[in-house]
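Here is the naming used below: chain letters follow the sequence lines, and residue numbers restart at 1 for every chain.
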Amino acid sequence: MRVLRNVFRRKLRSSLTIFGITIGVFALVVMGAMAEKINLLIDGGTKYYGDKVMVAEATAGNFSVRPLSLKKVEEIREVKGVADAFPQVYMMLDPEQNMSFGMPKMLVSGDLKANKYEEKKWKIGYVAGRKLKDGDIGKSVVGADLVKDLNAKVGKKIKVRGKEFEVVGIMEKTLTAPDSTVSILLPDAQDLFVKSLPVALQKTVKKEDLITSIVVYPKPGEDPGVLAKRINKEVKEVKATGPAEFRKQTGQAMVIFNTIIFGIGAISLLVGGLSVINTMMMSVSERTREIGIKKAIGASNRRIIREFLGEAATIGGIGGLLGLSLGWAFVQAVNSATAGTGTVVFLVTGRLAIGATLFAIALGAFAGLYPAWHAARLNPVKALRYE
Amino acid sequence: MAIVVAENLKKSYRLGKNNFVHALQGASLAIEPGEFVAIMGPSGSGKSTLLHMLGCLDDPDNGRVFLSGREVTKLRPSELTRIRARELGFIFQGFNLIPALTAIENVMLAAEYAGVNGRAKSERAEKMLDRVGLSERVRHLPSELSGGEQQRVAIARALVNEPAIILADEPTGDLDSTTSAEIIGIMRDLNRAMGRTFILVTHDHEVGSKCDRIIRMRDGVVDEAAG
C-alpha cells in the first residue's frame with residue numbers, strides 16, 4: 001500500500017493528525033448515537049399518538065396526573081366522529097422517580113378492548129409469556145428495558161408501588177415507549193392510583209370511577225386534530241390533545257438537539273480539517289524534489305493531485321474508523337452500565353456509522369484539495385533544484 | 001535527419017528586482033539518432049537550462065525545439081507531459097529516486113506514467129533492472145542501496161518505456177571515479193545495444209572522453225569553435 005507508506009513516512013505527525021480526526025469523529029458518533037436514540041423514541045411516539053386523541057383532566061400538565069371521572073368516557077363516546085373511547089390509568093412507575101434522560105418509566109393500564117385498534121399499527125411481540133387478558137387481576141406485563149431493573153421473570157412476582165404483581169409476559173424490545181412500561185389491568189391501576197392521592201381526598205372518591213386519561217380513536221377519515229378541538233368544545237373539564245400537539249412539543253426539542261449535533265460536527269470539521277491541511281502542506285513541501293522528479297518522468301498534474309488527495313482521504317478515513325470504534329466502544333460501555341436501571345441512552349445505527357466514516361474521509365479529501373493543487377502546480381525545474 | 005534540434009534558444013530568469021540572469025542567449029544544436037553526446041561547460045554556462053528545454057520541462061523565451069521532427073515548443077502542457085512519459089527518459093544527479101518506493105517500484109512508476117499496467121509493468125521493470133545488473137536488489141529501498149546502485153535504478157527507470165532519447169543531468173556527479181566509469185559503461189552499452197540517443201550534461205572530463213561528441217557551452221551559447 002503505497003498510500004499508507006507515504007502517510008506514515010512521518011509517523012508522529014500523521015498519527016497526531018489522525019488522532020485529531022479520531023476525537024472529532026468520536027464526539028460525532030457519541031452525540032449522534034444519542035440523537036438516533038431520541039429520534040427513534042420520537043418516531044415511536046409519533047406513531048403511537050399519530051391517529052388518536054388523548055384526553056386528560058383540564059388542568060393536568062404534560063406529565064402531572066390529575067384524576068378524571070370515568071363518566072367522561074361515555075360523554076366523549078357521544079361526540080361526533082369518535083369511533084371509540086377507552087379509560088386509562090397512566091402514572092409514574094416509581095412515585096419518587098425524577099425526570100431522567102430518555103423515556104420515564106411508566107405504569108399503564110388500558111382497556112383490553114383498545115388492543116384491536118393498537119394492533120392495527122404495531123404488534124408487540126413477547127419474548128416470554130403472553131399478553132394480559134380479562135381477569136388477570138394481580139398480573140402484569142413488563143417492558144424490555146425494565147426486566148433487569150425489576151428482576152422480572154415470567155411466573156415470578158415484581159413489586160410496583162408497594163404492591164406485588166405476578167409477571168405473565170415480557171415484551172420484545174420496541175426501541176420506544178413500551179420498553180420502559182409495566183402494564184396491568186384497569187382495576188389494579190385504579191387501586192394504586194387512589195392510594196397515590198392525598199388521604200383526605202381518598203375518602204371522597206369512588207375508586208371504580210377514577211381514571212387519569214381517555215384514549216379516543218377517531219372514525220376513519222376523521223382528522224384527529226379537528227376531533228380534539230370538537231371534544232374540547234363539547235365536553236367540559238377535559239383537555240383533548242391531537243397528534244399535532246405532540247409533534248410540536250417534540251419538534252422544538254429536536255431542533256435544539258440537532259443544532260448541537262451539527263455544531264459538534266462543524267467544530268470537528270474545522271479542527272480536523274485544518275490539521276489535515278497543515279500536515280499535507282508540510283508533506284508537499286518536504287517532497288518538493290520528489291514531485292519535481294515525478295513530473296519530469298511524466299506524472300500528469302491529475303496524478304499528483306490524486307496522490308495527495310488519496311493520502312489526505314486516507315488520514316481522514318483512518319481517523320474516522322478509529323473514532324467510530326472508540327465511540328462505539330464508549331456507547332456500549334455506557335449502555336451496559338445503565339441498562340440495569342432501565343435507561344438506554346445511545347443507539348449506534350448503521351447510517352450513523354457509515355455516515356461518520358464517509359464524513360471523515362470526505363473531510364480529509366476536502367482538506368487535501370489545496371495542498372494537492374499546490375503540489376500539482378509546482379514548476380518541475382524549480383522543484384528539481386529544491387534541496 | 002537529426003532527432004533533437006534546438007534553434008536559437010533564449011531564456012532569462014529574474015532573480016531580483018533588477019537582477020536578470022541570461023541563462024541562454026541563442027543556443028542551437030542538432031543531435032543525430034543513436035548519438036552519445038556530452039554537453040560540457042563551466043557552471044552558469046546554461047547547460048542545465050538547455051537540457052531542461054530539450055526535456056520539455058521548461059520553455060524558452062525565444063527559439064524552437066524539435067524532437068523527432070516535431071516542434072515541441074508549441075505544444076500544450078498536457079501533451080508535453082505525455083512526451084516526457086513516453087518518449088523521453090530522465091536521469092538526474094543523486095537523490096533522484098522516490099525514497100518511499102523500492103527499486104522495482106521506482107521503475108514501475110515510470111511505466112505507470114506511460115500507461116503500462118498490470119503484469120506488463122512489473123515484467124518490464126524486472127527486465128530493465130536485470131539489464132543494469134540489479135536483479136538481486138529489486139525489493140530494496142533507495143536508502144538501502146549504494147550511490148552506484150541507486151543510479152542504476154535511475155537508468156532502468158529512464159529506459160523502462162524504451163524512449164528514443166535519454167537525458168542525463170550530471171549522472172555521475174555524486175559518484176567516485178570507479179563507480180562513475182561503471183555507470184557510464186552501462187549507459188554506453190545500452191546506447192549501443194538499443195540504439196537510443198543519450199545526451200549527458202557533465203563537467204567530468206573522464207565522462208566527456210567516453211562520448212561520441214562533446215558540445216561545449218559558454219555564456220549561454222554553444223561554443224562552435226571548441227566543438
Side-chain angles (χ1 to χ4, degrees), chain A residues 1-15 17 279-280 282-312 314-315 318 368 371-387, chain B residues 11 13 23 48-59 76-102 105-116 141-143 154 156-161 163 166-170:
Chain A
M1 286 297 287
R2 250 190 244 168
V3 178
L4 281 179
R5 239 188 293 158
N6 273 333
V7 167
F8 287 107
R9 267 202 231 180
R10 289 276 183 268
K11 288 190 189 62
L12 181 65
R13 189 173 69 203
S14 293
S15 304
T17 307
T279 299
M280 292 310 294
M282 282 169 82
S283 176
V284 167
S285 105
E286 277 170 1
R287 277 146 69 183
T288 298
R289 196 180 146 81
E290 181 183 318
I291 294 163
I293 291 166
K294 283 181 173 164
K295 295 190 84 170
I297 66 171
S300 60
N301 290 355
R302 240 195 12 236
R303 237 173 213 285
I304 303 280
I305 287 180
R306 215 194 299 155
E307 181 182 326
F308 283 94
L309 273 190
E311 282 176 37
T314 304
I315 289 178
I318 296 174
W373 176 76
H374 179 79
R377 268 182 69 237
L378 286 175
N379 176 321
V381 173
K382 280 186 191 149
L384 277 170
R385 287 212 189 97
Y386 189 90
E387 292 296 326
Chain B
K11 180 83 180 179
Y13 296 102
S48 281
T49 305
L50 177 60
L51 193 80
H52 290 150
M53 281 176 194
L54 300 182
C56 305
L57 288 171
D58 207 351
D59 47 348
R76 283 182 289 123
S78 60
E79 292 169 313
L80 296 179
T81 298
R82 200 181 154 82
I83 289 177
R84 287 203 297 271
R86 291 165 195 246
E87 298 174 32
L88 294 172
F90 283 93
I91 302 164
F92 303 99
Q93 176 178 9
F95 317 112
N96 74 46
L97 300 178
I98 309 302
L101 302 182
T102 61
E105 285 169 338
N106 264 283
V107 179
M108 289 194 299
L109 191 65
E112 218 176 284
Y113 291 159
V116 182
L141 288 171
S143 57
R157 187 179 65 187
L159 282 152
V160 70
N161 297 320
I166 290 97
L167 304 168
D169 193 357
E170 302 279 9

Does A:R2 have more than 12 heavy atoms from other residues, nucleotides or ligands lying within 6.0 Å of its CZ? yes
Residue pair A:H374 / A:V284: nearest heavy atoms and the distance that separates them: CD2-CG1, 3.8 Å
Could you check which of A:S300, A:G292, A:A296 has the highest count of heavy-atom pairs closer than 4.5 Å to chain B? A:A296
Taking the basic N atoms (NZ, or NE/NH1/NH2) and the acidic carboxylate oxygens, is any pair closer than 4.0 Å for A:E311 and A:R9? no
Out of B:T81, B:D58, B:I98, B:L101, which one racks up the most heavy-atom pairs below 4.5 Å with chain A? B:I98
Residues A:E290 and A:K294 bridged, charged N to O under 4.0 Å: yes
Among B:R82, B:R86, B:E105, who wins on heavy-atom pairs under 4.5 Å with chain A? B:E105
Measuring heavy-atom distances to chain A, does B:L57 have an atom under 4.5 Å in its side chain, in its backbone, in both, or in neither? both
